[in-house]
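Notes for the one structure printed next.
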Amino acid sequence: MTTATDRRQNSGFYVMLVLLVLMSVGPIVLMLITSLRLNVDIMSDNSSLLFVPTLRNYEQVLCDLLWYEPKDIARCDPTFGRALSNSLFIASIATVVTLVLGCMAAYAIVRFRFVGRGGLSLTTLLLRMVPPAVLLVPVFGIWTFQFCIGDQCAAGTHWGIILVYVAMNLPFVIWILQSFIVQVPIQLEEAARIDGAGPFRTFFLIVLPLIKPGLAAAAIFTFRIAWNEFLLANALADRKTRTVPVTIVNSLTEYNIDWGVIMATGMLLAIPPILFTLLASRQIITGMTAGAVKG
């Protein structure tokens with residue numbers, strides 16, 4: 001039988017669970033509600049939770065990407081569409097380059113024997129602890145005045161921002177992939193070499209398929225960092241290469257703050273990393289359950 005003490009403990013557990021859910025979902029729900037209201041209603045003294053929802057804020061943000069011409073919009077600003085394409089391009093390329101370099105470096109650290117291998121593994125993790133704010137001034141100076149190809153310097157270009165994100169995320173990717181590569185039996189690679197497979201063929205056909213969960217976890221981490229990063233992108237990007245976080249902050253002025261448009265932009269900003277996380281997490285589940293069912 002359930003005692004009074006057990007019931008109190010269960011009720012306390014459910015209360016804490018409800019509070020955690022409200023703390024996690026509450027800001028997102030509030031942002032969604034605000035994005036469906038006009039700025040006049042948001043700033044009104046008589047505003048309440050009962051209102052007529054509208055998609056005008058989303059139409060204003062996506063006006064240059066929609067297949068129809070939105071009504072009640074005086075001027076279509078293509079800033080968000082350009083920023084969205086910049087964020088998708090920069091985050092995707094940075095994730096792919098970081099994974100390619102990271103998995104190769106992690107494999108070399110785990111499988112090859114050389115002087116300083118243990119120190120190199122620890123150094124890669126220590127480099128990730130350096131805050132991006134410390135790198136802001138030196139990176140901006142080097143990217144603006146020294147790191148140039150012809151007349152084009154790295155500052156204000158897509159590849160300049162991508163290189164910074166690769167360098168920033170590479171140490172953690174190397175560190176996390178090492179733990180997955182260690183678990184791959186060395187006998188599988190030796191058998192592949194006996195069958196005539198070269199080093200690259202062994203790596204791509206034997207090792208990579210077995211560390212899919214690690215690659216998916218590293219991809220989620222890298223993509224989210226590159227997608228949400230603001231400080232370095234704000235310093236290195238120009239008008240044509242601004243990402244969505246930089247665009248949101250630049251829309252805040254001391255004379256006018258359109259909270260409805262800002263919240264709509266924030267909701268749209270959250271969609272790509274959520275979709276990417278859901279797609280990548282399937283690889284994690286597939287890798288964890290592979291071989292669990294006896295054929």
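Everything quoted here is computed from the prediction, not taken from an experiment.
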Problem set entry | Atom pair CZ/CG of Phe180 and Leu210 - distance to nearest 0.5 Å | 12.0 Å
Exercise. Side chain to side chain contact (heavy atoms under 4.5 Å, CB included) between Leu36 and Leu55: does it pass, once the steps are laid out?
Worked result: CA-CA 6 Å; Leu36 297 175; Leu55 296 177; 4.0 Å; yes
Problem set entry | Heavy atoms of other groups near Phe140 CZ, more than 12 under 6.0 Å | no
Exercise. Is there a chain of hydrophobic side chains (I, L, V, M, F, W, Y, each step under 4.5 Å between heavy atoms) that links Met104 to Ile109?
Worked result: yes
Exercise. Any link between Trp175 and Val100 through a network of hydrophobic side chains (Ile, Leu, Val, Met, Phe, Trp, Tyr) touching at under 4.5 Å?
Worked result: yes
Exercise. Of all residues at least two apart in sequence or in a different chain, which pass the side chain to side chain donor-acceptor pair (under 3.5 Å) check with Asp258?
Worked result: none
Exercise. Would you find a donor on one side and an acceptor on the other, under 3.5 Å apart, between the side chain of Thr265 and the backbone of Ile248?
Worked result: no
Seminar exercise, completed: Rounded to the nearest 0.5 angstrom, the CG-CD1 distance for Leu215 and Ile220 is 11.5 Å
Exercise. Mind checking whether Phe200 and Phe204 have parallel, tilted or perpendicular rings, split at 30° and 60°?
Worked result: parallel
For this session: Hey, could you give me the OG1/CZ distance between Thr95 and Phe276, rounded to the nearest 0.5 Å?
Result: 5.5 Å
Problem set entry | Ser179 side chain vs Ile176 backbone, donor-acceptor pair below 3.5 Å | yes
For this session: Mind running side chain to side chain contact (heavy atoms under 4.5 Å, CB included) on Asn57 and Met263 for me, showing each step along the way?
Result: CA-CA 9 Å; Asn57 295 323; Met263 294 302 168; over 6 Å; no
Exercise. Would you say Asn234 and Val249 make side-chain contact, with heavy atoms under 4.5 Å?
Worked result: no
Exercise. With sequence neighbours left out, what residues match Ser92 under side chain to side chain contact (heavy atoms under 4.5 Å, CB included)?
Worked result: Phe223
Problem set entry | pair Trp227-Leu269: side-chain heavy atoms closer than 4.5 Å | yes
Problem set entry | Exercise: identify the closest heavy-atom pair between Ala106 and Leu177 | CB-CB, 3.9 Å
Exercise. Are any non-hydrogen side-chain atoms of Cys153 and Phe145 less than 4.5 angstrom apart?
Worked result: no
For this session: Compare all side-chain heavy atoms of Met168 with those of Leu232 and state whether any distance is below 4.5 angstrom.
Result: yes
Seminar exercise, completed: Interatomic distance, CD1@Ile90 vs CZ@Arg242, rounded to 0.5 Å, equals 13.0 Å
Seminar exercise, completed: Apart from Ile274 itself, its cluster of hydrophobic side chains linked below 4.5 Å comprises Leu278
Exercise. What distance do Thr98 atom OG1 and Ile93 atom CD1 have between them, rounded to the nearest 0.5 Å?
Worked result: 10.5 Å
For this session: Quick one: list whatever passes ring pair (Phe, Tyr, Trp, His ring centres under 6.0 Å) with Trp259, sequence neighbours left out.
Result: none
Exercise. Considering residues at least two apart in sequence or located in another chain, which fulfil the salt bridge (Lys or Arg N to Asp or Glu O under 4.0 Å) criterion with Arg193?
Worked result: Glu189
Exercise. Does one hydrophobic cluster hold both Phe89 and Leu279, with members joined at side-chain heavy-atom distances below 4.5 Å?
Worked result: no
Exercise. Shortest non-hydrogen contact from Gly102 to Val173?
Worked result: CA-CG1, 4.1 Å
Exercise. Are any non-hydrogen side-chain atoms of Ile186 and Arg111 less than 4.5 angstrom apart?
Worked result: yes
Problem set entry | Under 4.5 Å side-chain linkage, directly or through intermediates, the cluster mates of Val18 | Leu22
Exercise. Taking only residues two or more places apart in sequence or in another chain, which ones pass side chain to side chain donor-acceptor pair (under 3.5 Å) with Thr34?
Worked result: none
Problem set entry | Distance (rounded to the nearest 0.5 Å) between Leu236 CG and Thr243 OG1 | 10.5 Å
Exercise. Should side-chain heavy atoms under 4.5 Å link Ile, Leu, Val, Met, Phe, Trp and Tyr, which residues sit in the same cluster as Leu20?
Worked result: none
Problem set entry | Audit row: Leu268, Phe80, side chain to side chain contact (heavy atoms under 4.5 Å, CB included) steps and yes/no | CA-CA 10 Å; Leu268 295 173; Phe80 178 79; 3.8 Å; yes
Exercise. Linking I/L/V/M/F/W/Y whenever any side-chain heavy atoms sit under 4.5 Å apart, do Phe112 and Ile174 land together?
Worked result: yes
Problem set entry | Nearest heavy-atom neighbours spanning Met267 and Met31 | SD-CE, 3.3 Å
Problem set entry | Which residues share a salt bridge (Lys or Arg N to Asp or Glu O under 4.0 Å) with Glu59, sequence neighbours left out | none
Seminar exercise, completed: Tightest non-hydrogen contact, residues Ala133 and Leu231, listed as CA-CD2, 3.6 Å
Exercise. Taking only residues two or more places apart in sequence, or in another chain, which ones meet Ser35 in a side chain to side chain donor-acceptor pair (under 3.5 Å)?
Worked result: Tyr58
For this session: Check side chain to side chain donor-acceptor pair (under 3.5 Å) between Thr241 and all other residues, then give those that pass, not counting sequence neighbours.
Result: Asp238
For this session: Look at the side-chain heavy atoms of Ile, Leu, Val, Met, Phe, Trp and Tyr, link any pair under 4.5 Å apart, and say whether Ile194 and Phe203 land in one connected group.
Result: no
Exercise. Looking only at heavy atoms, which two atoms of Ala219 and Leu99 are closest? And how far apart?
Worked result: CB-CD1, 3.7 Å
Exercise. Taking side chain as C-beta onward, heavy atoms only, is Ile225 less than 4.5 Å from Tyr165?
Worked result: no
Exercise. Can you name the closest pair of heavy atoms from Ser24 and Pro27 and give their distance?
Worked result: O-CD, 3.9 Å
For this session: Answer yes or no: does atom CH2 of Trp143 have more than 12 heavy-atom neighbours from other residues, nucleotides or ligands under 6.0 Å?
Result: yes
For this session: Answer whether the closest heavy-atom distance between the side chains of Val139 and Leu136 falls below 4.5 Å.
Result: no
Enumerate donor-acceptor pairs with a distance under 3.5 Å from any side-chain N or O in residues 154-164 to protein atoms, sequence neighbours excluded.
{"from": "Thr157", "atom 1": "OG1", "to": "Ala154", "atom 2": "O", "distance (Å)": "2.6"}
{"from": "Thr157", "atom 1": "OG1", "to": "Trp159", "atom 2": "NE1", "distance (Å)": "3.4"}
{"from": "Thr157", "atom 1": "OG1", "to": "Gly160", "atom 2": "N", "distance (Å)": "3.2"}
{"from": "His158", "atom 1": "NE2", "to": "Asn86", "atom 2": "OD1", "distance (Å)": "2.8"}

